[in-house]
S.K.: 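If you scroll down you'll find the structure; I have some questions about it.
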Amino acid sequence: MSESHTPTSGAARLNTGVAHNARVWNYWIGGKDNYAVDQQVGEHVASMFPVIREVARADRGFLTRAVRFLAEERGMRQFLDIGTGLPTAENTHAIAQRIAPEARIVYVDNDPIVLMHARTMLTGTPQGATAYLDADVHDPDLILERAAETLDFKQPVAVMMLGILNFVLDTDKARDIVRRIVAAVPSGSYLALTHPTFDTDLGGEGQIPAMKFWNENATPPITARGRADIASFLDGLDLVEPGLVSCSQWRPDTESPAVVPQFGAVAVKP
């Protein structure tokens, strides 16, 4: 990671008195980078919506399979991972660079505790590149400008937007963010996304009261969406089989995985 991408402002912004999504998510998947307030809110949400831990694990599993698919089967060597979350053992760069050591990865997040971990944990191979941007998904122009210091936007890029558009509460704004990012990458680029849903066919109706509690007691605010709105983020792209499905059922490693109320999809820019 180059010095120009070294986080400097995370500690100053860190607030351990309010539960934060990255830390609660870390708690749900069994991590240690969280505080008492995150554990308390996480437990309460889980009591209201018990499947949330399965959702967290399924989302992480989708990341592993999607990056492996993109690097191994589709030959992708550049990844723009927006909404990184807290580092774990299997982050995007670890998966991609194990397959292709020359792969280049740019992580984007603006969570203070993620910033504090980024320099020491998000390090990659000497042959490739791993950079970290302190930026907000609401500012796609800044993301693209700074990512261009590491990525070549004349070559295909795999854009990862896992569990991030649900923090853009206005659906039209979320669509515009995706459109602007996809417009900046060439034909042959990919978009991988996951997004929580309240759709009953995936068992998502329980998300509504749980998210209401979350928005009253934690940060940042979050929203779920229906299939049609989530599908609209992929307009103009060609879906990779099996399409827009529960993220646990996207090219699963095991037979008949349990359905979770979190959509997942990978699509290519024609």
Side-chain angles (χ1 to χ4, degrees), residues 21-22 24-30 41-70 82-83 85 88 90 137 159-175 177-178 190-216 218 220-235 237-268:
N21 177 74
V24 176
W25 199 258
N26 175 263
Y27 174 66
W28 283 330
I29 63 174
V41 169
E43 282 298 321
H44 191 88
V45 171
S47 72
M48 300 177 70
F49 191 56
V51 76
I52 190 61
R53 285 189 173 90
E54 291 179 44
V55 171
R57 289 191 291 267
D59 191 84
R60 205 70 207 176
F62 174 91
L63 169 70
T64 299
R65 298 191 306 278
V67 173
R68 190 172 64 214
F69 166 78
L70 290 166
I82 303 173
T88 64
E90 286 289 272
V137 67
V159 179
M160 314 295 293
M161 301 189 78
L162 275 57
I164 185 66
L165 292 171
N166 35 291
F167 296 107
V168 182
L169 302 186
D170 183 275
T171 300
D172 289 337
K173 175 66 174 175
R175 287 194 198 100
I177 289 168
V178 175
Y190 285 80
L191 172 63
L193 65 78
T194 60
H195 196 296
T197 184
F198 48 67
D199 284 3
T200 56
D201 61 327
L202 297 191
E205 60 274 14
Q207 300 237 52
I208 298 172
M211 285 185 172
K212 182 176 185 296
F213 172 83
W214 174 270
N215 290 344
E216 292 169 350
I222 191 170
T223 188
R225 291 184 169 98
R227 180 187 293 268
D229 278 338
I230 297 170
S232 72
F233 300 141
L234 301 160
D235 285 351
L237 304 177
D238 295 334
L239 277 167
V240 172
E241 289 294 332
L244 182 64
V245 295
S246 172
C247 67
S248 60
Q249 298 189 317
W250 192 88
R251 296 176 177 253
D253 293 328
T254 58
E255 289 188 16
S256 304
V259 171
V260 297
Q262 179 103 334
F263 278 111
V266 174
V268 61

S.K.: Show the nearest heavy-atom pair for residues Ser248 and Ala58, with the distance to one decimal.
M.R.: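 Heavy atoms of Ser248 and Ala58 come nearest at CB-CB, 4.0 Å.
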S.K.: What's the separation between atom CD1 in Ile222 and atom CG in Leu169, rounded to the nearest 0.5 Å?
M.R.: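 Atom-to-atom, Ile222:CD1 and Leu169:CG are 9.0 Å apart.
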S.K.: Who are the salt bridge (charged side-chain N to carboxylate O under 4.0 Å, His left out) partners of Lys212, not counting sequence neighbours?
M.R.: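 For Lys212, the residues satisfying salt bridge (charged side-chain N to carboxylate O under 4.0 Å, His left out) (neighbours in sequence not counted) are Glu216.
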S.K.: Step by step, work out the side-chain contact (heavy atoms from CB on, under 4.5 Å) result for Val240 and Arg251.
M.R.: CA-CA 10 Å; Val240 172; Arg251 296 176 177 253; 3.5 Å; yes
S.K.: With heavy-atom distances below 4.5 Å as the criterion, would you say the side chains of Met161 and Val137 are in contact?
M.R.: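 Side chain of Met161 against side chain of Val137, heavy atoms only: contact under 4.5 Å found.
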S.K.: What pair of heavy atoms forms the shortest contact from Val266 to Ala192, and how long is it?
M.R.: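 Scanning both residues, the minimum pair turns out to be CG2-CB, 3.9 Å.
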S.K.: In plain terms, say whether Asp235 and Arg175 are close enough for a salt bridge, that is, a side-chain N and a carboxylate O under 4.0 Å apart.
M.R.: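 No, this pair does not count.
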S.K.: Restricting to side chain to side chain contact (heavy atoms under 4.5 Å, CB included), what partner residues turn up for Val268, sequence neighbours left out?
M.R.: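 For Val268 the side chain to side chain contact (heavy atoms under 4.5 Å, CB included) partners, ignoring immediate neighbours, are Tyr190, Asp238.
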S.K.: Rounded to the nearest 0.5 Å, how far apart are CD1 of Ile52 and CD of Glu43?
M.R.: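 With rounding to 0.5 Å, CD1 (Ile52) is 12.5 Å from CD (Glu43).
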S.K.: Just wondering, do Val55 and Pro196 contact through their side chains at under 4.5 Å, heavy atoms?
M.R.: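 No, side chains not in contact.
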S.K.: Measure across Pro257 and Pro252 and return the closest heavy-atom pair with its distance rounded to 0.1 Å.
M.R.: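 Residues Pro257 and Pro252, closest heavy atoms: CG-CB, 3.7 Å.
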S.K.: Counting C-beta onward and ignoring hydrogens, is there a side-chain heavy-atom pair between Pro209 and Phe49 closer than 4.5 Å?
M.R.: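 Heavy-atom side-chain distance check fails, nothing below 4.5 Å.
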S.K.: Determine yes or no for a side-chain-to-main-chain donor-acceptor pair under 3.5 angstrom, with Arg225 supplying the side chain and Thr197 the backbone.
M.R.: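 A pair under 3.5 Å: no.
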S.K.: Show every salt bridge (Lys or Arg N to Asp or Glu O under 4.0 Å) that has at least one partner inside residues 190-206, sequence neighbours left out.
M.R.: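 Every pair satisfying salt bridge (Lys or Arg N to Asp or Glu O under 4.0 Å) with a residue in residues 190-206: Asp201-Arg227.
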S.K.: Tell me the closest heavy-atom pair linking Thr194 and Asn166, and the distance in Å.
M.R.: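 Closest pair (atom of Thr194, atom of Asn166, distance): O-OD1, 4.3 Å.
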S.K.: Who pairs with Trp250 by ring pair (Phe, Tyr, Trp, His ring centres under 6.0 Å), at least two apart in sequence or on another chain?
M.R.: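 Checked Trp250 against ring pair (Phe, Tyr, Trp, His ring centres under 6.0 Å); matches are Phe62, Phe69.
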S.K.: List in chain and number order the residues that pass side chain to side chain donor-acceptor pair (under 3.5 Å) with Gln207, two or more places apart in sequence or in another chain; answer none if no residue qualifies.
M.R.: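 Counting only residues at least two positions away or on another chain, Gln207 forms no side chain to side chain donor-acceptor pair (under 3.5 Å).
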S.K.: Excluding sequence neighbours, so at least two apart, what forms side chain to side chain contact (heavy atoms under 4.5 Å, CB included) with Ser47?
M.R.: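 Testing Ser47 for side chain to side chain contact (heavy atoms under 4.5 Å, CB included), a comparison that skips the adjacent residues, returns His44.
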S.K.: What pairs with Arg68 under side chain to side chain donor-acceptor pair (under 3.5 Å), at least two apart in sequence or on another chain?
M.R.: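 Partners of Arg68 under the side chain to side chain donor-acceptor pair (under 3.5 Å) test: Asp253.
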S.K.: Going by the rule ring pair (Phe, Tyr, Trp, His ring centres under 6.0 Å), which residues pair with Tyr27 if we only count those two or more places apart in sequence or in a different chain?
M.R.: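 Tyr27 satisfies ring pair (Phe, Tyr, Trp, His ring centres under 6.0 Å) with no residue once adjacent residues are dropped.
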S.K.: Shortest non-hydrogen contact from Pro220 to Phe167?
M.R.: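 Looking at all heavy atoms of both residues, the closest pair is CG-CD2, 3.5 Å.
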S.K.: Would you indicate whether the side-chain heavy atoms of Phe233 and Ile177 approach each other to under 4.5 Å?
M.R.: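 Side-chain contact under 4.5 Å: no.
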S.K.: Using the side-chain contact (heavy atoms from CB on, under 4.5 Å) rule, take Leu234 and Leu193 through it: C-alpha gap first, then chi angles, then the decisive distance, then the call.
M.R.: CA-CA 9 Å; Leu234 301 160; Leu193 65 78; 3.8 Å; yes
S.K.: Under the side chain to side chain contact (heavy atoms under 4.5 Å, CB included) rule, collect the residues that match up with Val259, sequence neighbours excluded.
M.R.: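 By the side chain to side chain contact (heavy atoms under 4.5 Å, CB included) rule, Val259 matches Leu202, Ser246, Gln249.
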S.K.: Restricting to side chain to side chain donor-acceptor pair (under 3.5 Å), what partner residues turn up for Thr223, sequence neighbours left out?
M.R.: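 Partners of Thr223 by the side chain to side chain donor-acceptor pair (under 3.5 Å) criterion come out as none, since no residue qualifies.
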S.K.: Can you tell me how far the CG atom of Leu165 sits from the NE2 atom of His195, to the nearest 0.5 Å?
M.R.: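 Between Leu165 CG and His195 NE2, I get 6.0 Å after rounding to 0.5 Å.
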S.K.: What verdict does the side-chain contact (heavy atoms from CB on, under 4.5 Å) test give for Trp214 and Asn21, after you've listed the backbone C-alpha separation in whole Å, the side-chain angles of each residue and the deciding distance to 0.1 Å?
M.R.: CA-CA 9 Å; Trp214 174 270; Asn21 177 74; 3.8 Å; yes
S.K.: Run the salt bridge (Lys or Arg N to Asp or Glu O under 4.0 Å) test on Arg60 and Glu54 for me, step by step, so that the C-alpha distance in whole Å, both residues' side-chain angles and the decisive distance to 0.1 Å come before the verdict.
M.R.: CA-CA 10 Å; Arg60 205 70 207 176; Glu54 291 179 44; over 6 Å; no
S.K.: Write down the atom of Ala224, the atom of Met211, and the distance for their closest heavy-atom approach.
M.R.: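 Where Ala224 meets Met211 most closely, the heavy atoms are N-SD, 3.4 Å.
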S.K.: Do Val45 and Phe213 come close enough that some side-chain heavy atom pair is under 4.5 Å?
M.R.: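 Sidechains of Phe213 and Val45: in contact.
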S.K.: Run the side chain to side chain donor-acceptor pair (under 3.5 Å) test against Asn215 and tell me which residues pass, sequence neighbours left out.
M.R.: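 So Asn215 forms no side chain to side chain donor-acceptor pair (under 3.5 Å) with any residue.
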S.K.: Within this structure, what is the CG-CE distance for the pair Leu63 and Met160, rounded to the nearest 0.5 Å?
M.R.: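 Between atom CG of Leu63 and atom CE of Met160 there are 5.0 Å.
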S.K.: Output all residues satisfying salt bridge (charged side-chain N to carboxylate O under 4.0 Å, His left out) with Asp170, sequence neighbours left out; order by chain, then residue number.
M.R.: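 With sequence neighbours excluded, Asp170 shows a salt bridge (charged side-chain N to carboxylate O under 4.0 Å, His left out) to no residue whatsoever.
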